[in-house]
Amino acid sequence: MRKYVIMGVQGSGKGTQSQMLADLDIVHISVGDIFRWNVQNHTKIGAQVRRVMAAGELVGDDMVESVVSDRLTGHDWNYGFIIDGFPRNRRQAEFFLETYDIDGVIELDLPDSEVRRRVLNRRLCANCGVDYNLIANSPKVPGRCDLCGGELITREDDTEEALEVRLRDYHEQTNPALDLFRRKEYVVTVDARPEPEVVQRTIRQRLGLPPMAKSADQAHEEAASA
Ligand code: AMP
């Protein structure tokens, strides 16, 4: 069984890279997606986190830890998981290390200037959740998802203001969590600037995983229809 954490600033491609590991039966667990699902479905958790998320701020540790524990007790990850968006600070990292043994931490490295360019041009399919980038990966029909025809929307927290908060939190709070993992020699740092397939190839080489069996498009399509 393989258990990984993927870390990196917003827009560094954590979701895309995690989904590209699906052919190895590694389940992608995105804490942000779990919260977004709760907001969209008007659950009690959704009501508690909506405003915090829209402002780009971090949800409280107790809430995050309970959501992560609940998700990981669902045993749909017999061959392993890759968790994205967690831990975001030192306390969450300590909680995680106490509870789970991990095989590696992937750090996607991207300069802040590139983060701004990517995040402010990011669009998300409201129906299947696939990400588009209006510069590098624009949809064939403007405003519509290539895979399911769903409407493309901007994430509520992909604004200049929220991005500033998220970048600041990443540097102030998430870097210390990474340092903790670094001390345990778990961390593999990968340049996130190249094309997704190149980044994926590097991740697999560095972690000693088999090469990709499918193209990124196929992996995306499967992730979207799952
Ligand atoms: P993401 O999709 O990972 O960018 O997460 C979207 C939002 O969900 C973040 O801006 C936070 O408000 C919240 N969130 C996700 N993961 C965490 C976490 N580990 N700790 C605190 N807040 C989180």
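Along the sequence shown, residues are numbered consecutively beginning with 1. Side chains included, hydrogens not; waters and symmetry mates left out as well; all remaining heavy atoms used. Every number for a ligand or one of its atoms is a count from 1 in the order of the listing. Computed from a predicted structure; not experimentally measured.
In V64, the part holding a heavy atom less than 4.0 Å from any atom of ligand 1 is the side chain.
Residue contacts with ligand 1: R36 is included, with a non-hydrogen atom under 4.0 Å away.
The protein heavy atom nearest to atom 18 (C) of ligand 1 is R88 CG, 3.3 Å. For atom 7 (C) of ligand 1, the nearest non-hydrogen atom of the protein is M53 CE, 3.7 Å. The nearest heavy-atom contact from the protein to atom 22 (N) of ligand 1 is V59 N, 3.0 Å. When only non-hydrogen protein atoms are considered, atom 16 (N) of ligand 1 lies nearest to G85 O, 3.2 Å. The single protein non-hydrogen atom nearest to atom 12 (O) of ligand 1 is E57 O, 2.5 Å, given as residue, atom name and distance.
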Could you go through D103 and K3, starting from their C-alpha distance and side-chain angles, then the distance that decides it, and tell me whether this counts as salt bridge (Lys or Arg N to Asp or Glu O under 4.0 Å)?
CA-CA 5 Å; D103 297 298; K3 287 175 267 170; 5.7 Å; no
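Connection of W77 to F86 is established within a shared hydrophobic cluster, with ILVMFWY side chains joined at heavy-atom distances below 4.5 Å, either directly or through further cluster members.
Annotation: salt bridge (Lys or Arg N to Asp or Glu O under 4.0 Å) contacts involving residues 34-48, sequence neighbours excluded, comprise D33-R36.
In summary, the atoms of ligand 1 found under 4.0 Å from a heavy atom of Q92, numbered by their order in the structure, are 18 (C), 19 (N), 20 (N), 21 (C). Of all the atoms in ligand 1, the ones that sit under 4.0 Å from a non-hydrogen atom of R155 are 1 (P), 2 (O), 4 (O), 6 (C).
The pair E197-R201 does not count as a salt bridge, with every side-chain nitrogen at least 4.0 angstrom from each carboxylate oxygen.
Side-chain atoms of Q92 and D61 include a donor-acceptor pair closer than 3.5 Å.
Taking a 6.0 Å sphere around CZ of R168, one finds it holds more than 12 heavy atoms contributed by other residues, nucleotides or ligands.
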